Amino acid sequence: QVQLVESGGGLVQPGGSLKLSCAASGSIFSIYVMRWYRQAAGKQRELVAHIASGGTTNYADSVKGRFTISRDNTRNTVYLQMNNLEPEDTAVYYCNVIAKSGSPASSVTNYWGQGTQVTVSS
């Protein structure tokens, strides 16, 4: 059993910055990849950023150059630094983790955070 807890969302003006955090806890053997998704109201959920266990990153074109994903493997935490925010970035942001549990009957599973609201508005 793995739990993800997100934090860092809020209201910010255009051009501002926010940093999201997602901490994984529970019985964890290893975390393979960590991702951030977002979903605006009435819109399709989209992948924002991805980071592999070795640190390789990938970004959606819409956020490339503005957002930075990073991870602290000692704390099982992934971050999303968001700079130069635009109104189009307004959405609920979800942390997604692919991990292997540390229980005797372990398996590789997708886990999701509860979501955190990011609102970019003047």
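Along the sequence shown, residues are numbered consecutively beginning with 1. Since the structure is predicted, the reported quantities are computational estimates derived from the model, not experimental observations.
- Annotation: side chain of Tyr79 is not in contact with side chain of Leu20 (no heavy-atom distance under 4.5 Å).
- Atom OH in Tyr93 sits 12.0 Å away from atom CD in Gln39 (nearest 0.5 Å).
- Cation-pi contact between Lys100 and Phe29: present, with separation from the ring centre below 6.0 Å and deviation from the ring axis of at most 45°.
- The shortest heavy-atom contact between Val2 and Ala24 is CG1-CB, 4.3 Å.
- Of the inter-residue distances, the one linking Asn83 atom CG with Leu85 atom CG reads 7.5 Å to the nearest 0.5 angstrom.
- Atom OG of residue Ser53 and atom CD1 of residue Ile98 lie 11.0 Å apart, to the nearest 0.5 angstrom.
- Placement of Leu47 and Trp112 within a single hydrophobic cluster is found when ILVMFWY residues are connected by side-chain heavy-atom separations under 4.5 Å, directly or transitively.
- Side-chain contact between Phe67 and Leu80 is present, with heavy atoms from C-beta onward closer than 4.5 Å.
- Glu86 meets the salt bridge (Lys or Arg N to Asp or Glu O under 4.0 Å) test with Arg66; sequence neighbours excluded.
- Residue pairs that meet the salt bridge (Lys or Arg N to Asp or Glu O under 4.0 Å) test with at least one member in residues 25-41, sequence neighbours left out, are Arg38-Glu46, Arg38-Asp89.
- Hydrophobic clustering, with ILVMFWY side chains joined whenever heavy atoms are under 4.5 angstrom apart, groups Trp36 together with Tyr59.
- Nearest heavy-atom pair, Val12 versus Gly16, reported as atom, atom and distance to 0.1 Å: CG2-CA, 3.7 Å.
- Screening residues 39-90 for disulfide (SG to SG under 2.5 Å) gives no qualifying pairs among residues at least two apart or on separate chains.
- Residue pairs meeting the disulfide (SG to SG under 2.5 Å) criterion with at least one member in residues 53-122, sequence neighbours excluded: Cys22-Cys95.
- Judged by distance alone, the side chain of Asn96 and the main-chain N or O of Asn110 form no donor-acceptor pair under 3.5 Å.
- Of the possible polar contacts, one joining the Ser27 side chain to the Gly102 backbone as a donor-acceptor pair under 3.5 Å is found.
- Residues Tyr37 and Val78 are members of separate hydrophobic clusters, defined by side-chain heavy-atom contacts under 4.5 angstrom among Ile, Leu, Val, Met, Phe, Trp and Tyr.
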Validation: residues 114-122 side-chain donor-acceptor distances under 3.5 Å, sequence neighbours left out:
unit_1, atom_1, unit_2, atom_2, d
Gln114, OE1, Glu6, N, 3.1
Gln114, NE2, Glu6, O, 3.0
Thr116, OG1, Gly9, N, 3.2
Gln117, NE2, Ala91, O, 3.4
Gln117, NE2, Thr119, OG1, 3.3

Please tabulate, one pair per line, all N/O donor-acceptor pairs under 3.5 Å involving side-chain atoms of residues 68-75, not counting sequence neighbours.
unit_1, atom_1, unit_2, atom_2, d
Arg71, NE, Asn73, OD1, 2.7
Arg71, NH1, Ile51, O, 3.4
Arg71, NH1, Ala52, O, 3.0
Arg71, NH2, Ile31, O, 3.2
Arg71, NH2, Asn73, OD1, 3.3
Asp72, OD1, Thr74, N, 3.1
Asp72, OD1, Thr74, OG1, 2.6

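- For the pair Tyr94 and Val92, the minimum side-chain heavy-atom distance is below 4.5 Å.
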